[in-house]
Protein chains: 2
Amino acid sequence: MQQVVAPAFKNCTDCPIRHRAVCAKCDSEELELLEDIKYYRSFSAGQPVMWAGDHMDFVASVVSGVATLTQTMEDGRTQMVGLLLPSDFVGRPGRGVAAYTVTATTDLTMCCFRRKPFEKMIDTTPHVAHRLLEMTLDELDAAREWMLVLGRKTAREKIASLLSIIARRDALLGSAPPGKELVFDLPLTREAMADYLGLTLETVSRQISALKRDGIISLSGKRKISIPDMDRLLTEAGDDSDGGYLT
Amino acid sequence: MQQVVAPAFKNCTDCPIRHRAVCAKCDSEELELLEDIKYYRSFSAGQPVMWAGDHMDFVASVVSGVATLTQTMEDGRTQMVGLLLPSDFVGRPGRGVAAYTVTATTDLTMCCFRRKPFEKMIDTTPHVAHRLLEMTLDELDAAREWMLVLGRKTAREKIASLLSIIARRDALLGSAPPGKELVFDLPLTREAMADYLGLTLETVSRQISALKRDGIISLSGKRKISIPDMDRLLTEAGDDSDGGYLT
DNA sequence: TCCATTTTTTGATCTGTGTCAAGGAACGAC
DNA sequence: GTCGTTCCTTGACACAGATCAAAAAATGGA
């Protein structure tokens with residue numbers, strides 16, 4: 001554990017979880033067998049990757065693009081339960097059935113690992129098992145943070161939370177200078193945003209229009225967002241105490 | 001992995017995660033060091049166990065009683081993000097700070113393990129690490145299921161989901177015959193239920209009254225629930241197509 | 001036992017978000 | 001280019017659940 005965080009998302013060509021943060025041992029010999037068990041798959045925007053209940057003989061890591069994890073009730077109500085950005089991991093070792101529906105929302109490339117050999121590797125490679133536990137714990141924290149968003153935040157705050165998450169991850173990937181105006185593409189349709197936030201697409205659209213009207217964000221086209229001041233988005237999203245000059 | 005599920009929650013005196021399902025190797029010698037690092041703590045109903053941000057030098061498993069995991073915003077809005085029932089695990093190895101506020105909602109006993117030696121044990125005992133990953137993945141699935149509840153279900157359905165979870169866990173603990181009328185104590189106040197469900201306590205109270213009025217559940221006192229037909233609770237909770245005879 | 005406190009219920013009213021509906025803008029196929 | 005499709009916006013209105021308020025029931029201590 002000597003190496004530290006710096007060169008995240010970079011050049012860990014043999015580690016199954018190479019796309020996330022740092023893996024201290026990525027260059028070591030013990031992972032060579034991965035060459036045999038990994039392969040790449042690509043999907044185009046909108047394409048389903050797998051359906052809940054499908055047989056699933058691999059686990060995977062997102063290399064580029066964005067995918068969503070959703071759950072649907074019999075009557076069609078849909079909730080997104082995870083957003084997969086580059087470096088995120090999908091699939092549960094030890095379980096051959098997909099628990100969620102996965103959909104590519106942009107063009108997507110995943111690095112897949114055949115499940116059985118991957119499981120064997122976990123058992124024989126403690127640091128990979130350890131890393132996997134860390135990642136799962138991070139996901140659990142993210143899910144719990146999202147429970148607060150779903151249960152207690154207003155529509156406006158929900159949008160702010162979502163934009164903040166996407167902007168933060170986007171910045172980490174190196175495309176944005178920190179502390180300045182953030183500009184990024186929304187990788188989701190209004191409907192997908194609604195499914196993530198537990199809202200309807202109309203409410204999402206209205207709230208985005210309102211944030212734009214209040215000067216907290218601006219759009220070029222429908223999908224390119226720019227946020228001059230992230231703190232302002234987060235603190236004022238809930239109250240528009242100084243939004244209108246006539247109140 | 002020869003042993004199977006039957007005698008859950010029973011007699012795994014040395015395993016840190018003994019209270020949950022079956023641990024195939026609980027009797028083996030490798031866990032003996034646990035005697036040195038474990039101790040028990042008890043709390044009475046209503047008492048805080050720890051606050052988010054507190055220094056935390058242990059991890060723990062719930063032996064008896066119920067505790068909640070909550071998150072609070074600066075303005076006081078509160079969301080419960082986890083319900084800890086007997087056999088559940090709290091604490092993140094490798095992190096010395098509590099991420100959530102933990103509160104005992106009934107009298108509670110936890111089996112605690114000093115964190116540092118516990119971490120060492122994980123590194124040296126693969127099957128414990130493996131079990132911990134399994135448990136974390138289960139919690140992640142539970143959190144995601146709860147996202148669907150929070151994001152897309154009506155108040156009535158939310159109550160039904162909560163009752164179902166508590167009843168199921170209660171039955172697993174052996175206090176109820178399966179398939180028959182379920183009777184159990186609600187270990188939560190109306191307010192705590194509201195915090196779990198993303199509702200107000202008034203709405204919780206009203207919905208429980210409505211379920212009682214419709215004959216789907218019945219109460220003795222405020223806390224003892226009986227559910228004659230769990231399927232009916234789950235299928236009719238959302239629509240009261242035959243609830244009132246005058247519609 | 002009685003009193004103080006906490007928890008729960010219920011009512012009246014308000015409001016944020018959903019629903020239904022219509023039209024506009026962007027995009028790909030031909 | 002034009003057409004068809006999908007995505008997005010906006011308006012009018014309805015309604016589930018929140019808020020405010022008060023009282024009833026349960027609980028615990030002296």
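Letters A, B, ... mirror the listed sequences (proteins, then strands); counts begin at 1. The analysis underlying the following values was restricted to heavy atoms, covering all of them including side chains, and did not include hydrogens, waters or symmetry mates.
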Can you check the B/I208 CD1 to C/dT8 C1' distance for me, whole Å?
-> 10 Å

Once you round it to whole Å, what is the distance between C1' of C/dT17 and NZ of A/K153?
-> 18 Å

Write down the distance between CZ (B/R206) and C1' (D/dG17), rounded to a whole number of angstrom.
-> 9 Å

To the nearest Å, give me how far apart CZ (A/R213) and C1' (D/dT9) are.
-> 12 Å

Round to a whole Å and report the spacing from CG of B/L186 to P of D/dT27.
-> 13 Å

Reckon B/R223 has a side-chain N or O less than 4.0 Å from the OP1 or OP2 of C/dT8?
-> yes

Under 3.5 Å, is there a donor-acceptor pair linking the side chains of B/S218 and B/K212?
-> no

Please check if the side chain of A/D214 supplies one atom and the backbone of A/I216 the other of a donor-acceptor pair under 3.5 Å.
-> no

Under 4.0 Å: is that the gap between some side-chain N or O of B/S209 and OP1 or OP2 of C/dT10?
-> yes

Phosphate-side-chain proximity, A/T200 and C/dG18, N/O vs OP1/OP2 below 4.0 Å | yes

Calculate the interatomic distance between A/I159 atom CD1 and C/dT17 atom C1'; express it in whole Å.
-> 12 Å

Separation of atom CG in A/L219 from atom P in C/dA25, rounded to whole Å | 15 Å

Give the nucleotide from the list C/dT9, C/dA12, D/dG17 with an atom nearest to the side chain of B/Q207.
-> D/dG17

Specify the residue among A/S205 and B/L199 whose closest nucleotide of DNA chain D lies further upstream toward the 5′ end.
-> A/S205

Distance in angstrom units between B/D185 CG and D/dT27 P, rounded = 11 Å

So, do B/Y196 and B/W146 have ring centers that fall under 6.0 Å from each other?
-> yes

State whether a side-chain donor-acceptor pair under 3.5 Å links B/R213 with B/S209.
-> no

Among A/K158, A/Q207, A/Q79, side chain to side chain contact (heavy atoms under 4.5 Å, CB included) partner for A/L197 = A/K158

Out of D/dC20, D/dT10, C/dT17, minimum distance to the side chain of B/E202 belongs to D/dC20

Measure from the side-chain heavy atoms of B/R190 and tell me the nearest of C/dA12, C/dA26, C/dT9.
-> C/dT9

